[in-house]
Q: 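My questions will all concern the structure given below.
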Amino acid sequence: AVISVQTVEKWASDFVNSLDETFRRNEMLRSKRISKETTAIIRQAYRNASQRLILLDYDGTLAALEARPEDAVPTHELLDFLKQLSDDPANHVVINSGRDHLTLEKWLGGLPISFAAEHGAFYKEDGVWHKNQKKEEWDTRLLFILHKFEEKTPHSRLEMKETALAWHYRECDVWLGSLRVQQMINTLYPICMRLNLQIIQGNKVVEIKSPEYNKGSEVNRLLLKKRYDFILAIGDDTTDEDMFCVLSKKTITIKVGDVSEVANFNLPLQSDVLPFLRNITVPYVTDKKENAKERLKAALGFIKGLLGNKIKQMI
C-alpha cells in the first residue's frame with residue numbers, strides 16, 4: 001500500500017518541490033542583506049523623521065563578542081558615537097541587552113540614553129533604574145546541576161544575575177561545548193518546566209530566566225509611552241528575535257550575523273554595525289552643523305556690514 005502511494009513520480013515531484021522551496025527561501029533570505037541602495041533609503045527615512053526610537057543590543061552588536069564577557073568593554077569610538085547619537089533631541093536611544101544592570105551602568109551609565117537589562121527585568125529612564133522583577137531565589141537542585149556542568153566542562157563559567165542564570169562556554173573546546181549544551185538542556189528541561197523557567201540557547205551561552213519579561217516586553221512598554229515615526233532595532237542573538245517580533249514590518253529590524261526570518265534586514269558582521277549607523281546618521285548631523293556654520297557666517301557678515309555703515313556715517 002505504501003509503495004502504491006509513494007510512486008517514483010511522487011518521490012521525484014516531492015524532491016523537486018523541496019529544491020524549489022529551498023531556493024525560494026535562500027533567495028528571500030539573501031534579499032535581506034543590506035545594500036547601498038537599502039542604506040540610502042534608511043538614511044532618508046532617518047532624516048525625514050521627527051521622533052526616532054533606536055534599539056541596540058550590546059554584545060555581538062555594538063561590541064564584539066569576547067571569550068570573557070567582562071572583556072567586552074566599550075571603546076572610546078563607541079562611547080563618542082552613542083553620545084553624538086543621543087545629542088539629537090529627536091533620538092531616543094535604548095541599549096536593550098541581556099547584560100546585568102550593574103555592568104551596563106558601569107560601562108555606559110554616563111551617557112544620556114535609556115537601558116533595558118537582563119532581558120527587560122530592569123530598565124533605566126531619565127537616569128533612574130527600575131526593577132520589573134524581584135530577585136530570583138534559585139532552586140538548589142537547579143544550581144547543583146549547573147555547577148556540575150561547570151565543573152566537568154573546562155573553561156566554562158556560570159554567571160549569576162539577579163533574575164537570570166547564564167552558562168557561558170565560549171572558551172570551551174567546540175566539540176565538548178556542543179555536547180555539554182545538549183546534555184544540559186535535556187537535564188534542565190524537566191526542572192525548568194516545574195519551576196516555570198525559560199531555557200534560552202544563545203551564541204555560546206545558555207540562559208535560564210523567567211518567561212515573564214524579555215526584550216520584546218521592554219519594546220512594548222516603550223511603544224505604549226510614545227509614538228515614533230522611525231524605529232530601528234539591531235541585534236545578533238536569539239533573544240533579539242523577541243524584540244523583532246513585536247515590531248511592525250514597517251520598522252527597520254536588522255539581524256547581525258545569521259539571516260533571520262523575523263528581521264527585515266541583515267548585516268553579516270558585527271564590525272558592519274557601527275559603520276552602518278554612522279552612514280545613516282552622521283551625514284545628517286554633519287549637515288546640521290554645516291548649516292549652523294553657514295547661518296553664523298551670514299549673521300556675522302550682516303553685523304560686520306552694519307558696523308561698517310555706522311563707521312562710514314561717523315566719518
Side-chain angles (χ1 to χ4, degrees), residues 21 24-34 38 41-42 45-46 49 51-62 65 92-99 104 114-123 125 132-133 161 163-164 166 185 189 192-193 196-268 270 272-273 276-277 280:
E21 178 59 30
R24 283 194 295 270
R25 183 173 179 275
N26 287 339
E27 282 298 300
M28 181 271 291
L29 294 177
R30 193 176 295 113
S31 69
K32 293 188 174 191
R33 185 70 56 86
I34 288 184
T38 308
I41 293 170
I42 296 173
Y46 179 91
Q51 293 294 330
R52 309 186 192 98
L53 176 62
I54 300 172
L55 302 154
L56 304 168
D57 174 45
Y58 185 77
D59 293 281
T61 301
L62 290 178
L65 291 169
H92 183 189
V93 181
V94 182
I95 306 298
N96 198 358
S97 172
R99 284 271 184 177
L104 290 178
S114 299
F115 297 91
E118 297 188 30
H119 310 292
F122 295 82
Y123 68 92
E125 282 184 339
N132 282 324
Q133 183 182 331
K161 309 174 189 178
T163 62
I185 290 174
Y189 185 75
C192 289
M193 282 286 289
N196 190 31
L197 293 172
Q198 182 181 23
I199 303 174
I200 302 173
Q201 187 173 352
N203 196 333
K204 303 295 184 182
V205 62
V206 175
E207 286 204 68
I208 298 161
K209 58 180 280 295
S210 166
E212 188 174 358
Y213 294 98
N214 57 45
K215 291 186 178 183
S217 64
E218 172 59 17
V219 173
N220 280 331
R221 187 190 69 80
L222 291 166
L223 295 180
L224 286 172
K225 294 188 67 176
K226 189 173 181 179
R227 294 180 65 86
Y228 298 92
D229 52 358
F230 177 92
I231 299 177
L232 168 67
I234 310 180
D236 75 302
D237 212 343
T238 309
T239 56
D240 296 303
E241 302 277 330
D242 295 324
M243 179 167 59
F244 302 147
C245 283
V246 301
L247 290 169
S248 159
K249 287 294 181 183
K250 295 179 181 179
T251 62
I252 301 160
T253 53
I254 302 174
K255 178 76 183 303
V256 180
D258 294 334
V259 181
S260 164
E261 292 193 21
V262 181
N264 295 330
F265 301 105
N266 169 254
L267 282 172
Q270 182 277 325
D272 295 330
V273 174
F276 167 77
L277 287 171
I280 66 168

Q: What's the shortest heavy-atom distance between Lys209 and Tyr213, and which atoms?
A: NZ-O, 2.6 Å
Q: Is the closest basic N to carboxylate O distance between Lys215 and Glu218 below 4.0 Å?
A: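 No, Lys215 and Glu218 are not salt-bridged.
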Q: Judged by atom type as modelled, is there a donor-acceptor pair below 3.5 Å linking the side chain of Gln201 to the main-chain atoms of Val206?
A: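 No; zero donor-acceptor contacts below 3.5 Å.
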Q: Between the side chain of Asn214 and the main-chain N/O of Gly216, is any donor-acceptor distance below 3.5 Å?
A: yes
Q: For the CG atom on Asp258, are there more than 12 heavy atoms of other groups (residues, nucleotides or ligands in this structure) within a distance under 6.0 Å?
A: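 No, CG of Asp258 has 12 or fewer neighbouring heavy atoms, counting only those of other groups under 6.0 Å.
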Q: Do Thr163 and Glu118 have side-chain N/O donor and acceptor atoms under 3.5 Å apart?
A: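 Distance-only check passes for Thr163 and Glu118.
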Q: Name the residue from Leu223, Leu247, Thr251 that meets the side chain to side chain contact (heavy atoms under 4.5 Å, CB included) definition with Leu53.
A: Leu223
Q: For the side chain of Ser114 and the backbone of Glu125, is there at least one donor-acceptor N/O pair under 3.5 Å apart?
A: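 Not confirmed, Ser114 side chain does not pair with Glu125 backbone.
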Q: Evaluate the side-chain proximity of Lys226 to Gln51: yes if any heavy-atom separation is below 4.5 Å, no if none is.
A: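 Of all side-chain heavy-atom pairs linking Lys226 with Gln51, at least one is under 4.5 Å.
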Q: Would the distance check show the side chain of Asn266 and the main-chain N or O of Gly257 forming a donor-acceptor pair, the cut-off being under 3.5 Å?
A: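 The answer is yes, because a donor-acceptor pair under 3.5 Å joins these two groups.
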Q: Residues two or more places apart in sequence or in another chain: which of them pass side-chain hydrogen bond (donor to acceptor under 3.5 Å, both in side chains) with Lys255?
A: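 Counting only residues at least two positions away or on another chain, Lys255 forms no side-chain hydrogen bond (donor to acceptor under 3.5 Å, both in side chains).
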Q: Just verifying a value: how many Å separate Leu232 CG and Ile252 CD1, rounded to the nearest 0.5 Å?
A: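 So the gap between those two atoms works out to 6.0 Å.
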Q: First locate atom NZ of Lys249, then atom CG of Asn264, and finally report the distance between them rounded to the nearest 0.5 Å.
A: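 Reported value, rounded in 0.5 Å steps: 5.0 Å.
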Q: How close do Ala166 and Lys161 get, heavy atom to heavy atom, and via which atoms?
A: CB-CE, 4.3 Å
Q: For the atom pair CG (Leu267) and NZ (Lys32), what is the distance rounded to the nearest 0.5 Å?
A: 13.0 Å
Q: Check whether Asp237 reaches the backbone of Asn203 with its side chain - one donor and one acceptor, N or O, closer than 3.5 Å.
A: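 Here the side-chain-to-backbone pair exists.
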Q: Checking Leu65 against Asp236 for the side chain to side chain contact (heavy atoms under 4.5 Å, CB included) test, could you report, in this order, the C-alpha distance in whole Å, the side-chain angles of both residues, the deciding distance, and whether it holds?
A: CA-CA 10 Å; Leu65 291 169; Asp236 75 302; 4.2 Å; yes
Q: Working to the nearest 0.5 Å, report the span between NE2 of His92 and CG of Leu222.
A: 6.0 Å
Q: State, to 0.1 Å, how close Asp229 and Arg52 come at their nearest heavy-atom pair, and which atoms those are.
A: OD1-N, 4.4 Å
Q: Got a donor-acceptor contact below 3.5 angstrom from the Asn132 side chain to the Gly120 backbone?
A: yes
Q: Quick one, Leu56 and Leu277 - any side-chain contact, counting heavy atoms below 4.5 Å?
A: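 Yes, side chains in contact.
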Q: Mind checking the CD1-CD1 spacing from Ile54 to Ile234? Nearest 0.5 Å is all I need.
A: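 It comes to 8.5 Å.
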Q: What are the two closest heavy atoms between Asp57 and Ser97, and how far apart are they?
A: OD1-CA, 4.2 Å
Q: Locate the shortest heavy-atom distance separating Ile254 from Phe244; write the atom from each residue and the value.
A: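 That would be O-CZ, 3.3 Å.
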Q: To the nearest 0.5 angstrom, please state how far the CZ atom of Arg99 sits from the CG atom of Leu104.
A: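 If I round to the nearest 0.5 Å, the distance is 7.5 Å.
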Q: Indicate the atoms forming the closest heavy-atom contact of Tyr46 with Ile280, along with that distance.
A: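 Of all heavy-atom pairs spanning Tyr46 and Ile280, the closest is CD2-O, 3.5 Å.
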